[in-house]
Amino acid sequence: MLRVAGKRLAGAAGTPSFAGAAGGSGAAPAMTAAMVAPAMRRGYHERVVDHYSNPRNVGAFDKEDADVGTGLVGAPACGDVMKMQIRVDEASGRIVDACFKTFGCGSAIASSSVATEWVKGKQMDEVIAIKNTEIAKHLSLPPVKLHCSMLAEDAIKAAVKDYEAKKARPAKADE
């Protein structure tokens, strides 16, 4: 029975296929596509799918810029690697822009995307207070994907730490 259902989802077992279906009214391919899409998502929350399909703030800043902090973190267990960068306005200490590049699963990409959205416009002390549990709750991540939100939290903290280290270097050089 499961094989028959699987074949139907794939467009076999008597249902017309997408390419050149005989005598098709056009209704069956649309129905099949509608049935396949949710199966491929495997139950991810719509926010995960949205941030994965349309990630916000993908890109990179020049890591040598004095107003840019870069955080590079990874999870050896799953192979996810996340680079997050923040651009800080020196006068106000506010994060004016953020971007990321992530090599990993959809949940890791979605977590990165959400994190960059959340840090923009905030003060440094506000962003280091962002917890992985908040990101996970917002994306409705399942327990097996919590490491993705942990990476995002770690990337934020690493970017802030890098920025603060850059600011401390010139002060030490002047002394």
Side-chain angles (χ1 to χ4, degrees), residues 2-13 15 17-19 28-63 68-88 95-122 124 126-163:
L2 288 175
R3 285 187 198 166
V4 172
K7 287 179 182 179
R8 284 189 184 144
L9 281 175
T15 59
S17 65
F18 291 108
M31 186 175 137
T32 304
M35 292 169 55
V36 170
M40 291 176 72
R41 280 189 255 162
R42 296 179 190 245
Y44 284 110
H45 191 274
E46 63 188 35
R47 282 193 213 93
V48 173
V49 175
D50 178 41
H51 278 275
Y52 172 73
S53 301
N54 306 299
R56 283 68 151 179
N57 310 308
V58 174
F61 302 135
D62 182 0
K63 67 179 182 179
V68 171
T70 302
L72 182 64
V73 296
C78 67
D80 292 345
V81 178
M82 188 178 295
K83 179 175 93 172
M84 184 177 298
Q85 294 180 298
I86 56 173
R87 184 178 302 278
V88 183
I95 297 172
V96 293
D97 204 0
C99 63
F100 78 94
K101 285 189 178 179
T102 295
F103 177 80
C105 65
S107 296
I109 292 168
S111 295
S112 305
S113 179
V114 166
T116 58
E117 287 287 292
W118 286 7
V119 300
K120 284 183 176 181
K122 291 195 168 92
M124 303 283 267
E126 290 178 83
V127 300
I128 59 172
I130 294 173
K131 298 292 178 210
N132 72 296
T133 52
E134 297 167 357
I135 296 169
K137 184 176 179 183
H138 178 74
L139 292 172
S140 300
L141 293 178
V144 6
K145 293 295 182 177
L146 291 180
H147 67 279
C148 298
S149 61
M150 290 178 203
L151 277 178
E153 178 185 347
D154 293 344
I156 293 168
K157 290 179 178 173
V160 169
K161 185 177 179 180
D162 180 60
Y163 173 78

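Any value given below was found using the heavy atoms of this structure, including those in side chains, with hydrogens, waters and symmetry copies removed.
Once rounded to the nearest 0.5 Å, the distance linking CD1 of Ile109 with CZ of Phe100 reads 6.5 Å. Taken from SG in Cys148 to CD in Glu153, the straight-line distance is 13.5 Å, to the nearest 0.5 Å. Atom CD of residue Gln85 and atom NZ of residue Lys101 lie 8.5 Å apart, to the nearest 0.5 angstrom. Rounded to the nearest 0.5 Å, atoms CD (Glu46) and NE2 (His51) are 10.5 Å apart. In this structure, the separation between CD1 on Ile156 and CG on Leu151 is 11.0 Å, given to the nearest 0.5 Å. One distance of note links OG of Ser111 with NE2 of His147; it measures 8.5 Å at 0.5 Å rounding.
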Could you give me the CA-CA distance, side-chain angles and deciding distance for Met82 and Leu72, then say whether side chain to side chain contact (heavy atoms under 4.5 Å, CB included) is met?
CA-CA 6 Å; Met82 188 178 295; Leu72 182 64; over 6 Å; no
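In this structure, Lys122 contributes its side chain and Trp118 its backbone to a donor-acceptor pair below 3.5 Å. In this structure a side-chain-to-backbone donor-acceptor pair under 3.5 Å is present from Ser113 to Arg56. A distance-only check finds no donor-acceptor pair linking the side chain of Asn132 to the backbone of Ser149 [under 3.5 Å].
When the options Asp97, Asn57, Ile95, Ile128 are evaluated for a side-chain contact (heavy atoms from CB on, under 4.5 Å) with Val119, the one that passes is Ile95.
Remark: Lys161 NZ is loosely packed, at most 12 non-hydrogen atoms of other residues, nucleotides or ligands lying under 6.0 Å away.
In this structure the side chain of Lys120 never reaches within 4.5 angstrom of the side chain of Val96, judged on heavy atoms.
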